[in-house]
Amino acid sequence: MQRITGDTGKNIFTLHGNSSSYSLQLYSRRYPLHLHWGSNCCPGGGNGHSEHPVLTELPYSVNPDPDLPEFFPEAQHFEFGWPEEGDYRRPAFSVRDSNGFPVPGPGRVWGDILWKKPELPGLPEARCEEGELTETLLITMEEHLSGLRILIRYTPLPEYDAVLRSARFENRGSEALTLDRAMSCSLDLPYRGQELLYLRGAWAKERIPQHIAVEPGCHAIGSTRGISSHQYSPFLALLSPDATEHSGEVWGCALIYSGSFLAEIERDYCDTLRLNLGIHPDTFRWQLAPGEIFDTPETVMFYSPEGLEGFSDRSHRFIRDRILPPAFRERERPILFNNWEATYFDFDEERLQGLADTASELGIELFVVDDGWFGERNSDAASLGDWQVNRRKLPGGLGGIGEYARERGMQFGLWVEPEMVSRESELFRRHPDWCLHLPGRQAPESRRQLVLDLTRREVREHLIRTFDELLDSAPISYVKWDMNRPLAGAASPALPPHRRGEVHHRYVLGLYEVMEAITSAHPDILFEGCAGGGGRFDMGMLYYMPQYWTSDNTDATDRLSIQYGTSIVFPPVTIGAHVSAVPNHQTGRSVPLDFRGNTAMSGNLGYEMEIDALSQQERADIARQIAFYKEHRRLIQFGRFIRLLSPFEGEGAAWMFVDEQQSGALVFWFLAHREANRMRRRLLLRGLDLQRVYAEVESGRRCRGDELMHRGLLLPPAAHDFESVRILLKGE
Ligand code: DGJ
């Protein structure tokens, strides 16, 4: 199937997905207009006027083009709208020339079809196979006086009903240009009663789904923290008024980027929705010298005619196939032990060895030493930047404890926080100017640490060298890459004055360069991203680090909500989830071990508690959880994940995993709060083969797929709060 078709007479281009299409028109060779994004359709096929823009008399509106007297930009549906010619909505871009004058929109626009997706140097982006035909539509917008050229790139990926978009700004003139705003994607859609969905949160309560009506006006979420943040995910979706988890239309977009971002919807007086997604303009300004180019990060836009489930399914497959490092696409993730909540900073070699002995007896596969192994790191007050092992704590060094774990049949992993420096450190004493700071002012601290200035080449080179050596110094198979504070007062005195507004984005580019160098020099190490839990859980990070520590909140009931919300965009194989102690360290709540186990084994299972102080019963229960997970982890990590009951709507939550052939499924049901006089419930399953008979492995009960899906699986009676069950189904 041809992925892009063009009607050159009418200048209409259509991008085709398996169940979707996206069309635009270059009107009058000057205005890129949005025609359609939704179910398959090919505008302009007949001789009707579906391809024409709205032409109407609009009193008190601006008409920039005498040849098009009825063309009023503010009433049009644009693809990448600009502000200077009578369009007053939130623009896609804003550029000034060297005299400070705004550069108006293009004088000329044209389209080309390329056979290959152009690369985005220095940025994470959807991966395409060598030789894969990834037709790309390139719309070029040119403003001849300033020499500004904007190339908007559209790459359809039909198997996910996805379109990748990014924009390149080129200065082909002889004077510098300044970008004040450069979105990755911008388009106008008709308002048809859609609802807006985004993921909001805070530390320890990340990615809670928020549905709001799109009232007239602007609705913006974003981050100016230098990281994508705990507060909002770089994602938004519009849901048709009839959309549910399983039906209705969903238009969802995510930015493949880890820094400050803006995602906004404006509903204007014409009932048009403008959707913008890109780098946050409040912390962005970019100087484009003659001959220079600037690439925006990539956005992926999905259309689902099958509700949120259809959206998540597309996004999960896309992330697994196109974002994660290829070596980890299919690689099973080990069950890990992490010592953080077991010891915090207070450990020595003997304590770690004791924990390692128990971990290996329980069947754990990866032993991770978290914060506190280096320098004088006995609290969060010191030593970030001094990545030498503390021999008083670990006389055998990292090699010693690493070998100890390996001899017990486990891999060894390590926590690091490369982007930071403590004021109390050798690194800071040697290079006080290596942190982001305003000259002459004390840089603001958070968690008693400062952010290294990754805009500086020597800092990046230092990090690459230091971590290359560190990772070669011991048998390390896993790295937890943490980042524990947002940027604030972020300035780099090393940048020339006209580039000082570039710090936020240059920081992210510097980070990507460092991560690219370190991860590609150590391709077999499994990296897990972390930012005080899930403060930078985004597709940009997953491009380098195939899994993410989802939240510092390990309370299993809170985790139901966090993991449920996270799963809207991200697949379970990226979701780090640990069983921790009770009472829980973040909430003080006590939840049974099987409930904690079932929650954690719905992602990448780990344990983070004093496993050397467990009762015999707890040890046996954990060993059973681990054995079960090992047997079924392929299904969990690589099967299709389907949400069944939302923790935000009722007494608990439920979800299931189904394999590709629909030959087996694993259902999890959690009851957080049991009400009095409670009837037994049926749970409607999804994704099974209607005709096939499935047997419940434990009870032997058999049932056809249609009955399980349309009448439901009979759940066990529940006696108390925090009950959970997992039901394994085998197709016959
Ligand atoms: C924050 C992380 O989210 C925790 O899991 C732990 O690694 C601490 N940092 C260590 O300082």
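Read the numbers this way: they start at 1 and go in the same order the structure lists the ligands and their atoms. Quick caveat, the model's predicted, so the values are computed rather than measured.
More than 12 heavy-atom neighbours from other residues, nucleotides or ligands sit within 6.0 angstrom of CZ on Arg634.
Between the Ser383 side chain and the Gly375 main chain, no donor and acceptor come within less than 3.5 Å of each other. The backbone N or O of Cys435 sits less than 3.5 Å from a side-chain atom of His437, completing a donor-acceptor pair.
Inter-residue side-chain proximity for Tyr507 and Glu419 is flagged as met; some heavy-atom pair is nearer than 4.5 Å.
Ligand 1 has Arg447 within reach: a non-hydrogen atom of the residue lies less than 4.0 Å from it.
Closest to atom 3 (O) of ligand 1 among all protein heavy atoms lies Asp552 OD1, 2.4 Å. Counting protein heavy atoms only, atom 9 (N) of ligand 1 is closest to Asp482 OD2, 2.7 Å. Protein heavy atom closest to atom 11 (O) of ligand 1, with residue, atom name and distance, is Asp371 OD2, 2.6 Å. Among all protein heavy atoms, the one lying closest to atom 5 (O) of ligand 1 is Lys480 NZ, 2.7 Å. Of all protein heavy atoms, the one closest to atom 7 (O) of ligand 1 is Asp370 OD1, 2.7 Å.
In summary, Asp346 and Arg351 do not engage in a salt bridge, as defined by a charged side-chain N under 4.0 Å from a carboxylate O. A salt bridge links Glu513 with Arg460: the distance from a Lys NZ or Arg NE/NH1/NH2 to an Asp or Glu carboxylate oxygen falls below 4.0 Å.
In this structure, Ser228 and Arg536 approach most closely via the heavy-atom pair OG-CA, 3.4 Å.
Residue Trp415 approaches ligand 1 through these ligand atoms, each under 4.0 Å from one of its heavy atoms: 7 (O), 10 (C), 11 (O). The contact set between ligand 1 and Gly533, taken as ligand atoms under 4.0 Å from a residue heavy atom, comprises 3 (O). Contact atoms of ligand 1 toward Trp549: 3 (O), 5 (O) (distance under 4.0 Å to a heavy atom of the residue). Using a 4.0 Å cut-off to heavy atoms of Cys530, the atoms of ligand 1 that qualify are 2 (C), 3 (O).
With a 4.0 Å cut-off on non-hydrogen atoms, Asn484 touches ligand 1 through its side chain and not its backbone.
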ring-ring contact (aromatic ring centres under 6.0 Å, His included) between Phe235 and Tyr198, intermediate numbers included: CA-CA 6 Å; Phe235 150 80; Tyr198 55 88; 9.0 Å; no
